[in-house]
Engineer: 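Dumping the structure here so I can ask a few things about it.
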2 protein chains.
Amino acid sequence: MPKLEEIVQQLEETGYRNTASRREVIAAVLSQRGHFAIDDICQQVRWAGRATVFRTMKLLQDTSVVCRVLLENGNLHYRLSSIGHHHHLVCVECGGVQDMEDCVVAEMLTRLANQTSYAIEGHWLEFYGRCGDCRVAKPELQAV
Amino acid sequence: MPKLEEIVQQLEETGYRNTASRREVIAAVLSQRGHFAIDDICQQVRWAGRATVFRTMKLLQDTSVVCRVLLENGNLHYRLSSIGHHHHLVCVECGGVQDMEDCVVAEMLTRLANQTSYAIEGHWLEFYGRCGDCRVAKPELQAV
DNA sequence: GTGTTTATTGAGACGAAGTATCAGTTAGTT
DNA sequence: AACTAACTGATACTTCGTCTCAATAAACAC
Ligand SMILES: [Mn+2]
Ligand SMILES: [Mn+2]
Ligand SMILES: [Zn+2]
Ligand SMILES: [Zn+2]
C-alpha cells in the first residue's frame with residue numbers, strides 16, 4: 001500500500017509533474033476504505049476540478065495504485081490495490097470486496113489459444129455473492 | 001434462435017401484453033447481426049419511444065433472448081442468444097464475438113464456496129483479443 | 001532569481017447511457 | 001361496450017465521462 005510521497009515520486013520519474021491538485025486527488029484516494037466511486041473523490045476534494053480527478057484516476061489505474069471493481073448493477077468503482085492482476089469477490093449485500101490473487105482463468109488462456117484462432121489479450125472477471133457475515137445475518141436467502 | 005411470434009407468445013404467457021411497440025422493438029432486435037447498442041435499436045425503430053426500447057431490452061435480457069456483451073472500452077452491447085449461460089471472446093479489432101458455451105469458472109465456483117465464506121450467486125467474464133482474420137491482416141501486433 | 005517551455009489545470013460545454021414522471025392510450029377481460 | 005391495469009412516449013433529469021481552451025504553474029536552463 002504505497003503512500004502519497006511514493007506515488008508522486010514514481011509519477012515524477014515517469015515524467016509527470018508534481019502538482020497540488022494531483023496530490024490532493026491521490027490523498028483523497030488513499031483515504032478511502034473499501035471501494036468507491038469517482039464521484040466520492042470529486043466531493044471529498046476541495047479545489048481539484050472534476051476533470052483532474054478523472055485524469056488522475058486514470059494515472060492511478062495505469063500504475064496499479066487502484067483497481068477497478070465492476071459492481072453487479074454495472075457501476076464502476078475503484079479500490080486501493082497493492083497487488084497486480086487479480087479478480088474480485090463482491091458481496092451484493094454489504095458491498096464488501098475480497099481480492100482473489102490467483103487468476104482463475106490464467107490456466108484457461110493457453111487452452112483458448114489452442115482451441116480458437118484468437119490471441120487473447122485481456123479479460124474481465126468478477127464474482128458476485130453474499131459474504132459470510134451477511135449470510136449469518138439473513139440466512140433465509142441462499143444461493144442456488 | 002426464436003422468432004418474433006414465439007417471443008411475443010412467451011411474454012404473453014408470463015402476463016406481458018402484446019403491443020405494437022413491443023413487437024417493433026423485438027423485430028428490430030431480431031434483425032441485428034453481431035452485437036449492437038441499444039441506440040442502434042432506437043434509431044432503427046419508427047414509432048416506439050426510447051423508454052420503450054430500454055424497457056423491452058430488459059425483458060429480452062430476462063428471457064435470455066439477448067445476452068449482454070461488455071466491450072473492452074466499458075460500453076455495454078447486446079447480442080442475440082440462443083444458448084443459456086455463456087461467455088464471450090471479443091475481437092478488439094473487428095468487433096467479432098465468439099460464444100464460449102462452456103463456462104470456464106463453473107468448476108471454480110465449488111472451490112470458491114469451500115475456500116471462502118461467500119455464497120457465489122453470479123459472475124461476469126469476458127475475454128478480449130484479436131481473432132484469426134485480424135491477426136492475418138495485421139500480423140505485426142502479437143499478444144504477449 | 002528570471003525567463004522559457006511545456007504539462008497541467010478547471011470551468012464549462014458536450015454527449016452517451018440510463019432512469020423517473022406522468023398524462024394519455026390500449027390490450028385483455030368481463 | 002365498459003372497465004381496468006398495463007403500457008406508452010414525450011420529456012426532464014441524472015450520472016458518467018470526454019473535450020475545449022484560456023489561464024496557470026512545474027521543471028529546467030541560464
Ligand atoms: Mn482489487
Ligand atoms: Mn453471447
Ligand atoms: Zn485474470
Ligand atoms: Zn460463467
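Within every chain, numbering begins at 1; the chains are lettered A, B, ... in the order of the sequence lines, protein sequences first and strands thereafter.
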Engineer: Between A:L11 (CG) and D:dA26 (P), how many Å, whole number?
Structural biologist: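 Value for this atom pair: 16 Å.
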Engineer: Could you check how far CG of B:D39 sits from P of C:dA17, rounded to whole Å?
Structural biologist: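 Rounded to the whole Å, the gap is 6 Å.
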Engineer: Would you please confirm or rule out a distance under 4.0 Å between OP1 or OP2 of D:dG9 and any side-chain N or O of B:S21?
Structural biologist: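 So the side-chain polar atoms of B:S21 do come within 4.0 Å of the phosphate oxygens OP1 or OP2 of D:dG9, strictly under.
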Engineer: Between CZ of A:F36 and CG of A:L80, what distance do you get to the nearest 0.5 Å?
Structural biologist: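 Reported value, rounded in 0.5 Å steps: 5.5 Å.
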Engineer: Keeping the roles fixed (side chain from A:T14, backbone from A:Q10), state whether a donor-acceptor pair exists under 3.5 Å.
Structural biologist: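 Confirmed, A:T14 side chain pairs with A:Q10 backbone.
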Engineer: Using whole Å, report how far CZ of B:F36 lies from C1' of C:dA17.
Structural biologist: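 Atom CZ in B:F36 sits about 16 Å away from atom C1' in C:dA17.
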Engineer: Looking across every strand, which nucleic acid part, if any, lies under 4.0 Å from A:A20 by heavy atom: base, sugar-phosphate, or nothing?
Structural biologist: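 Answer is nothing: A:A20 stays at 4.0 Å or more from every strand.
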Engineer: Could you tell me whether B:R79 and B:D99 make a salt bridge, using a distance below 4.0 angstrom between a side-chain N and a carboxylate O?
Structural biologist: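 So B:R79 pairs with B:D99 through a salt bridge.
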Engineer: With respect to the phosphate group of C:dG18, does any side-chain polar atom (N or O) of B:K58 fall under 4.0 Å of OP1 or OP2?
Structural biologist: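 Negative; the distance criterion is not met.
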Engineer: So which protein N/O to nucleotides 1-4 of chain D N/O distances come out below 3.5 Å?
Structural biologist:
none

Engineer: Please state how far atom CZ in B:F54 lies from atom C1' in C:dT19, giving the value in whole angstrom units.
Structural biologist: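 Rounded to whole Å, this separation is 9 Å.
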Engineer: Is atom OH of A:Y16 surrounded by more than 12 heavy atoms (other residues, nucleotides or ligands) closer than 6.0 Å?
Structural biologist: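 Not more than 12 within 6.0 Å, no.
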Engineer: Does a side-chain N-to-carboxylate-O contact under 4.0 Å join B:E126 and B:R68?
Structural biologist: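 No, no charged N to carboxylate O under 4.0 Å.
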Engineer: Just checking B:A48: base, sugar-phosphate only, or nothing, at a heavy-atom cut-off of under 4.0 Å?
Structural biologist: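 Sugar-phosphate contact only - B:A48 comes under 4.0 Å of backbone atoms but never of a base.
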Engineer: Provide, to the nearest angstrom, the distance between the CG atom belonging to B:N18 and the P atom belonging to C:dT29.
Structural biologist: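 The answer, rounded to whole Å, is 12 Å.
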Engineer: Is the distance from OP1 or OP2 of D:dC7 to the nearest side-chain N or O of B:R55 less than 4.0 Å?
Structural biologist: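 It does not, given that no N or O in the side chain of B:R55 lies less than 4.0 Å from OP1 or OP2 of D:dC7.
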Engineer: Just by modelled atom types, is the B:A113 backbone N or O under 3.5 Å from a matching donor or acceptor in the B:T116 side chain?
Structural biologist: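 Side chain of B:T116 to backbone of B:A113, a donor-acceptor pair under 3.5 Å: no, none is there.
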Engineer: Does the ring center of A:H87 lie less than 6.0 Å from the ring center of A:H123?
Structural biologist: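 Here the rings of A:H123 and A:H87 have centres that are less than 6.0 Å from each other.
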Engineer: What's the CD-C1' distance between B:E24 and D:dT8, to the nearest Å?
Structural biologist: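 One finds 13 Å between C1' of D:dT8 and CD of B:E24, rounded.
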Engineer: Run the salt-bridge test on B:E5 and B:R23 with the 4.0 Å N-O cut-off and return the result as yes or no.
Structural biologist: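 Yes, charged N to carboxylate O under 4.0 Å.
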Engineer: Provide a list of protein-nucleic acid N or O atom pairs under 3.5 angstrom, restricted to nucleotides 12-15 of chain C.
Structural biologist:
none

Engineer: For A:M57 and D:dC16, give me the distance from atom CE to atom C1', rounded to whole Å.
Structural biologist: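 Roughly 13 Å, once rounded to whole Å.
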Engineer: Measure CZ/B:R46 against C1'/D:dT8 and give the value in whole Å, please.
Structural biologist: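 Value for this atom pair: 18 Å.
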Engineer: Respond yes when some side-chain nitrogen or oxygen of B:T19 is under 4.0 Å from OP1 or OP2 of C:dA27, and no when none is.
Structural biologist: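 B:T19 to C:dA27 OP1/OP2: no side-chain N or O under 4.0 Å.
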